[in-house]
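Right, one structure below, let's go through it.
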Amino acid sequence: MLKTIPIKCASCGANLDITPDVENFSCGYCGAAQIILRQGGTISLKLVGDAIKRVQVGTDKTAAELAIKRLSGELEGVQQAVNDNAYMKQVRLQKSTKNFVLIWGGILFFIISFASNAKSALGFFSIFIILIFTSTACVGYFYFQKRRVIADEFDEKYEVLAKRWQDLQQKLRKNKQLVD
C-alpha cells in the first residue's frame with residue numbers, strides 16, 4: 001500500500017491525500033491546479049494560478065514599458081503631423097491670397113483699359129464703378145469660397161489628428177499606471 005500524506009486544498013479546503021512522489025496536481029473537488037512545496041520536512045500547497053498571476057504581472061509591466069516607448073514615438077509623430085498640417089494650411093491660405101491679389105490686379109488693369117475707351121469722363125466713371133463693383137463681388141465670392149474649402153480641408157485633418165492624439169494619450173496613461 002502506498003504511503004499518503006493528508007493535506008487540505010489551498011483553494012477549497014477539501015481534505016486530500018497525496019503520495020510522496022507527486023509534484024503537482026488538480027484538486028478532485030474544485031479542480032484548482034496546485035504545486036506541492038516541500039521545504040525542511042514541511043509540505044504545503046501553492047495554487048498554480050498565483051504563480052501565473054505573478055508571471056502575468058511581470059509580463060504586463062514589460063509590455064507596458066515597451067508600449068510607453070512606442071506610444072511616445074507615435075505621439076511625437078502625431079505632434080509633427082499637427083504642426084505640418086497647421087503650416088501647410090497657412091501656406092495654402094497665403095497662396096490663395098496671393099492668387100487673389102494677382103487676379104484682382106489683372107481685372108483692375110482690364111477695367112481701367114476698358115473704361116479709358118469711354119468718350120466722356122462721366123462714361124469712364126460709370127463704366128469704372130460698375131465693373132469694379134461686379135468684379136469685386138465675383139472675385140471676392142470665389143476667393144472666400146476657396147479659403148473656406150482650404151480651411152475646412154485642413155480642419156478635418158486636424159480633427160483626425162486630435163482624436164489620434166487623445167487616444168494615444170489615454171493609452172500612454174494606462175501603460176504608465178501599469179508600470180508604476
Side-chain angles (χ1 to χ4, degrees), residues 2-102 142-180:
L2 284 174
K3 181 180 175 188
T4 60
I5 303 166
I7 196 159
K8 293 200 179 273
C9 174
S11 178
C12 69
N15 291 325
L16 304 171
D17 290 321
I18 58 169
T19 59
D21 61 335
V22 173
E23 296 294 322
N24 55 37
F25 70 98
S26 293
C27 174
Y29 297 97
C30 69
Q34 302 178 54
I35 299 172
I36 299 173
L37 302 173
R38 294 180 172 91
Q39 296 172 348
T42 304
I43 297 175
S44 62
L45 296 177
K46 184 159 190 107
L47 292 172
V48 173
D50 292 344
I52 291 172
K53 286 178 187 175
R54 283 196 309 278
V55 170
Q56 184 66 43
V57 167
T59 303
D60 289 348
K61 186 175 179 179
T62 302
E65 288 169 344
L66 292 171
I68 288 170
K69 185 174 182 175
R70 179 183 55 79
L71 291 170
S72 295
E74 285 185 43
L75 274 173
E76 288 176 15
V78 170
Q79 182 60 51
Q80 185 61 46
V82 166
N83 293 343
D84 291 348
N85 187 60
Y87 174 75
M88 289 307 298
K89 178 180 178 181
Q90 181 181 5
V91 166
R92 292 271 307 274
L93 289 174
Q94 287 174 349
K95 184 177 178 183
S96 173
T97 301
K98 183 179 175 183
N99 289 343
F100 170 74
V101 169
L102 290 173
F142 289 113
Y143 167 71
F144 287 109
Q145 270 305 98
K146 179 68 174 175
R147 287 183 65 87
R148 193 181 91 222
V149 167
I150 290 169
D152 288 349
E153 174 188 339
F154 284 98
D155 290 346
E156 287 174 13
K157 286 180 185 177
Y158 176 78
E159 288 176 21
V160 169
L161 291 170
K163 175 74 172 117
R164 179 72 179 135
W165 173 268
Q166 290 172 347
D167 291 345
L168 289 171
Q169 285 285 33
Q170 185 178 15
K171 288 177 182 178
L172 191 59
R173 275 192 301 274
K174 285 181 182 179
N175 283 292
K176 284 183 178 180
Q177 287 173 349
L178 281 174
V179 169
D180 296 338

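The first residue in the sequence is number 1, and the count goes up from there.
Heavy atoms only, all atoms of each residue included: Ser72 and Leu172 are closest at OG-CD1, 4.0 Å. A pairwise comparison of heavy atoms in Val78 and Leu161 identifies CG1-O, 3.6 Å as the closest pair. Residue Ile5 comes nearest to Pro20 through the heavy atom pair CD1-CA, 4.3 Å, listed as atom of the first residue, atom of the second, then distance. Closest approach of Lys61 and Val179 over heavy atoms only: CE-O, 3.5 Å. In this structure, Gln34 and Cys9 approach most closely via the heavy-atom pair NE2-SG, 3.0 Å.
Taken to the nearest 0.5 Å, the CD atom of Gln94 stands 12.0 Å off from the CG atom of Asn99. How far CD of Gln80 is from CG of Leu75: 13.0 Å, rounded to the nearest 0.5 Å. Lys176 contributes atom NZ, which lies 15.0 Å from atom NZ of Lys174 (distance to the nearest 0.5 angstrom). In this structure, the separation between CG on Asn175 and CG on Leu71 is 6.0 Å, given to the nearest 0.5 Å. Distance check, rounded to the nearest 0.5 Å: CG of Leu93 to NZ of Lys95 gives 12.0 Å.
Around OH of Tyr158, the count of heavy atoms belonging to other residues, nucleotides or ligands within 6.0 Å does not exceed 12.
Contacts of Asp17 classified as side-chain hydrogen bond (donor to acceptor under 3.5 Å, both in side chains), with partners at least two apart in sequence or in another chain: none.
Under a 3.5 Å cut-off, the side chain of Glu74 and the backbone N or O of Leu168 do not form any donor-acceptor pair. Under the 3.5 Å distance criterion, the side-chain polar atoms of Asn85 are left unmatched by any main-chain donor or acceptor of Ala81. Side chain of Ser96 to backbone of Arg92: no donor-acceptor contact under 3.5 angstrom is found.
Looking at heavy atoms from C-beta onward, Ile150 lies in side-chain contact with Phe154 at the 4.5 angstrom threshold. With contacts defined as side-chain heavy-atom distances shorter than 4.5 Å, the pair Asp152/Arg148 qualifies. Looking at Leu16 and Lys8, their side chains never come closer than 4.5 Å, going by heavy atoms from C-beta outward.
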Could you tabulate the donor-acceptor pairs under 3.5 Å formed by side-chain atoms of residues 21-29, not counting sequence neighbours?
residue : atom : partner : partner atom : Å
Asp21   : OD1  : Thr19   : OG1          : 2.5

message: Show, in sequence, the C-alpha distance, side-chain angles and deciding distance for Lys69 and Glu65, and conclude whether the salt bridge (Lys or Arg N to Asp or Glu O under 4.0 Å) test is met.
response: CA-CA 7 Å; Lys69 185 174 182 175; Glu65 288 169 344; over 6 Å; no

task: For Asp167 and Lys171, run salt bridge (Lys or Arg N to Asp or Glu O under 4.0 Å): C-alpha distance rounded to whole Å, both residues' side-chain angles, the deciding distance at 0.1 Å, then the answer.
output: CA-CA 6 Å; Asp167 291 345; Lys171 288 177 182 178; over 6 Å; no

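Ionic pairing of Lys163 and Glu159 is not present here: no N-O contact between side-chain nitrogen and carboxylate oxygen is shorter than 4.0 angstrom.
Among the candidates Tyr143, Phe144, Phe142, the single residue satisfying the ring-ring contact (aromatic ring centres under 6.0 Å, His included) test with Phe100 is Tyr143.
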